There are 2 protein chains.
Amino acid sequence: MSQVHYLGRSKKTKITSLDIAHRAGVSQATVSRVLRGSPLVNAETRRRVEDAVRELNYKVDRHASSLRTQRSGTLALLLFEDPTPDESHINPFFLSMVGSITRACAREGQDLLISFQQLSDDWHADYEDSMKADGLILLGYGDYLAYTGKLEKLVAQGTRFVRWGAVLHDQPGLSIGCDNFNGGRIAGEHLVGLGRRRIAFLGGASSHCPEFFDRFRGCDAALREVGGAMEAILQVDAESSEEDGFAAARELLARGGAFDAVFAASDLIAVGAMRALADAGLRVPEDIAVVGFDDLPMARFTSPPLTTVFQDTKRAGELLVETLLRQIGGEQTQSITLPASLVVRKSSGA
Amino acid sequence: MSQVHYLGRSKKTKITSLDIAHRAGVSQATVSRVLRGSPLVNAETRRRVEDAVRELNYKVDRHASSLRTQRSGTLALLLFEDPTPDESHINPFFLSMVGSITRACAREGQDLLISFQQLSDDWHADYEDSMKADGLILLGYGDYLAYTGKLEKLVAQGTRFVRWGAVLHDQPGLSIGCDNFNGGRIAGEHLVGLGRRRIAFLGGASSHCPEFFDRFRGCDAALREVGGAMEAILQVDAESSEEDGFAAARELLARGGAFDAVFAASDLIAVGAMRALADAGLRVPEDIAVVGFDDLPMARFTSPPLTTVFQDTKRAGELLVETLLRQIGGEQTQSITLPASLVVRKSSGA
DNA sequence: CTGAAAGCGCTTACAG
DNA sequence: CTGAAAGCGCTTACAG
């Protein structure tokens, strides 16, 4: 029987279920039954075992347990990023998702492994094959077309995964995403209702970034309802960062096309754009109405506060985890589109 | 010998090192040697094994390996938070640390478990005793006094851990933190150099939050060099959020004490405070100079851009991981204080 | 309700 | 340089 030593920094002797068994006067198998919550244990026996567990501060060895059950009780969160690996700054929207996913995992009793991935990494197999995780959560903006092939491979291999992103009918595997088209539409309708007709769009507007593209098309649809349309000269590519938003707004101004509103594909872009607009002497919202997307915490504290489209990251994180767990459990699951809603603040001049 | 099946979503048969051994015509032990990089393997044999590994897309079972070696190859990142568990919003400063820690782990070939913890949780033992992780990284503002006892328990148990935070001489275990006192001092000296003497401080200033307190005391030291001092009426408690910063600035205004500068204990507080100052018709920096702390990405895009004290989160993440790994490896390690530096932007009126 | 025993898939002395 | 074998700490049929 091993003993506990408190010898300063030296590691204590490892306590196993056998130690508990000896102490409680039962077999090791019974200890395991108690710890797994088996109903086939006498109440008095159970109590003795639980006492011993507490006294020795015993914890089940995760690896032995997982090796035996072939279940790790762990999910892996893979964050894709553009190839700027030296930057520590992750898109706050995703970080917010990381937060809600972490919490959802805790609630479900799952551990969460987290890792950044480059598109070039061999991530498609590693986590599940090595038993590190029972399933994967995929998160990240970026070029879909570039990694659709990898998703297909995951499906072919039978890997369990869910991804956050646009729900496209031909997308391999399950997706949970925001209703970007409708989000764009309500942003557009809001601006249209305020009399704006020349709406610039800052963000990628192509099938390489389907989420932004849907937001763009939604806004376009709103404009078309009143006989207008998004104009090519007023669309400038940008990824989701303040820097890109700043640069895109500068580019927009340099092009010289007239515009009375900016719909930014994300709040970060909007924040950068507002800075550029201010630098150019334009007033928000008097001269230019600005609407963002995401409703990051900072949106309430920009100057002026930012009107934006809210994405429910809390719900999204929960759904991602729940759906993945159901899939792992062999249940039927399906893609989900979450509704978007408008949050009106001062930047749109409403 | 197991075989790979691609039957739609069904799980493939698990491939083990025995399958590789058969295919390569060697013993299972040799497969293991190759995979562990043992030098005791013939080059030709090694090649055959590696080919088989590639062809069958084999990955070592992590749990079997860890069970045998008693090493998990995993670190756990525990984030402490105040008891508002329903909020998905984590302090962006910590999220930035999460980013750099995640990257540092990847570089070191370590997996990273992440978890939010409440002070009430029984986190002090779980991760290491269950072999889930070889060591812990502790992250989180919050009340030190409240969890010093837990740190002592960790040390007594021989758990390997490092924490981010103030390096206090009587703190149990290792800490890596920013030079908060000097950070506060350079912020104060900057403001003093601009002729400001009545500096308000927004943030906790007591031993319950030693980091903020050090920043406060550093600023006070700068003021004392010119015969001034921080005034009690100009100090308002705030935790690190825009909401708290906003509320604290309102409180400050309501108190009616004269001030010509605000030193916010964090950028988030500064952002909230600038909003409150603007609402009150005060101009930054003309009427009130504002300095923050952290240098979050958003600091460049506030209006006006925020003068702040830079903390090197990238380096911090690396040091946290490296130090922990050394500790796990049995090497001698020590606490580290990272330098702070001033980033001058418009909000201070320099 | 409980125990003895097999086995999950590795790693690593040990023997050759 | 390589193989046979023990064993890491659990879980779970199987037998009672």
Side-chain angles (χ1 to χ4, degrees), chain A residues 1-2 11-50 52-53 56-74 128-132 134, chain B residues 1-2 11-50 52-53 56-74 126 128-134:
Chain A
M1 175 167 172
S2 52
K11 288 300 292 174
K12 57 190 172 300
T13 306
K14 185 163 194 199
I15 295 166
T16 70
S17 55
L18 212 56
D19 297 316
I20 305 300
H22 286 156
R23 185 165 188 119
V26 298
S27 74
Q28 184 269 332
T30 294
V31 172
S32 184
R33 285 198 190 90
V34 170
L35 262 23
R36 299 238 97 200
S38 162
L40 314 168
V41 186
N42 177 285
E44 161 62 13
T45 308
R46 174 179 302 279
R47 205 191 45 68
R48 285 218 311 283
V49 169
E50 283 167 349
V53 164
L56 296 185
N57 196 22
Y58 166 73
K59 304 282 184 226
V60 174
D61 184 301
R62 190 52 168 277
H63 299 297
S65 173
S66 293
L67 176 58
R68 189 51 238 250
T69 61
Q70 298 294 328
R71 270 296 175 82
S72 71
T74 302
E128 248 212 19
D129 284 343
S130 65
M131 302 292 294
K132 285 181 195 171
D134 299 326
Chain B
M1 175 169 170
S2 53
K11 288 299 295 174
K12 57 190 171 300
T13 307
K14 185 163 195 202
I15 296 166
T16 72
S17 55
L18 212 55
D19 296 316
I20 304 299
H22 287 156
R23 185 164 187 123
V26 298
S27 74
Q28 185 269 333
T30 296
V31 173
S32 183
R33 286 196 191 93
V34 170
L35 263 24
R36 299 239 95 199
S38 163
L40 315 169
V41 186
N42 177 285
E44 161 62 13
T45 308
R46 174 180 300 278
R47 205 190 47 68
R48 285 218 311 282
V49 170
E50 284 167 348
V53 164
L56 296 186
N57 197 21
Y58 167 73
K59 306 279 184 225
V60 174
D61 183 300
R62 189 54 166 277
H63 300 296
S65 173
S66 294
L67 176 59
R68 191 48 238 251
T69 61
Q70 298 293 329
R71 270 297 175 78
S72 71
T74 302
D126 194 28
E128 249 211 19
D129 284 343
S130 66
M131 301 292 293
K132 284 182 194 171
D134 299 326

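By convention in this document, chain letters (A, B, ...) are assigned in the order of the sequence lines, proteins followed by strands, and residues within each chain are numbered from 1. Quick caveat: nothing in here was measured; it's all calculated off a predicted structure.
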*Asks:* On DNA chain D, compare the nucleotides closest to A/Val31 and B/Ser27; which residue's is nearer the 5' end?
*Replies:* B/Ser27
*Asks:* Is the shortest side-chain N to carboxylate O distance from A/Arg47 to A/Glu44 below 4.0 Å?
*Replies:* yes
*Asks:* Go through the N and O atoms of the side chain of A/Arg33 and the base of C/dG3, and report whether any donor-acceptor pair is under 3.5 Å.
*Replies:* yes
*Asks:* Give a yes/no answer on whether the side chain of A/Ser65 brings an N or O atom under 4.0 Å of OP1 or OP2 in D/dT11.
*Replies:* yes
*Asks:* When we call it a touch if two heavy atoms are under 4.0 Å apart, what does B/Arg36 touch: a base, just sugar-phosphate, or nothing?
*Replies:* sugar-phosphate
*Asks:* Please give, in whole Å, the distance from C/dG9 P to B/Ile20 CD1?
*Replies:* 13 Å
*Asks:* Using the closest heavy atom to pick a nucleotide of DNA chain D for each, name whichever of A/Thr30 or B/Arg68 lands nearer the 5' end.
*Replies:* B/Arg68
*Asks:* Measure CD/B/Gln70 against P/C/dT12 and give the value in whole Å, please.
*Replies:* 11 Å
*Asks:* Without swapping roles, check the side chain of B/Asp134 against the backbone of B/Ser72 for a donor-acceptor pair under 3.5 Å.
*Replies:* yes
*Asks:* Given C/dC10, is OP1 or OP2 found less than 4.0 Å from the side-chain N or O atoms of B/Tyr58?
*Replies:* yes
*Asks:* Return the pairing partner of D/dC14 with a 3.5 Å limit on both distances, Watson-Crick or G-U wobble; otherwise return none.
*Replies:* C/dG3
*Asks:* Any idea which heavy atoms bring A/Arg71 and A/Met131 closest together, and the distance?
*Replies:* N-CE, 4.4 Å
*Asks:* Taking atom C1' in both C/dG16 and C/dT12, compute the distance separating them and give it to the nearest angstrom.
*Replies:* 16 Å
*Asks:* Please confirm whether the shortest side-chain N or O distance from B/Ser17 to OP1 or OP2 of C/dC10 is below 4.0 Å.
*Replies:* yes
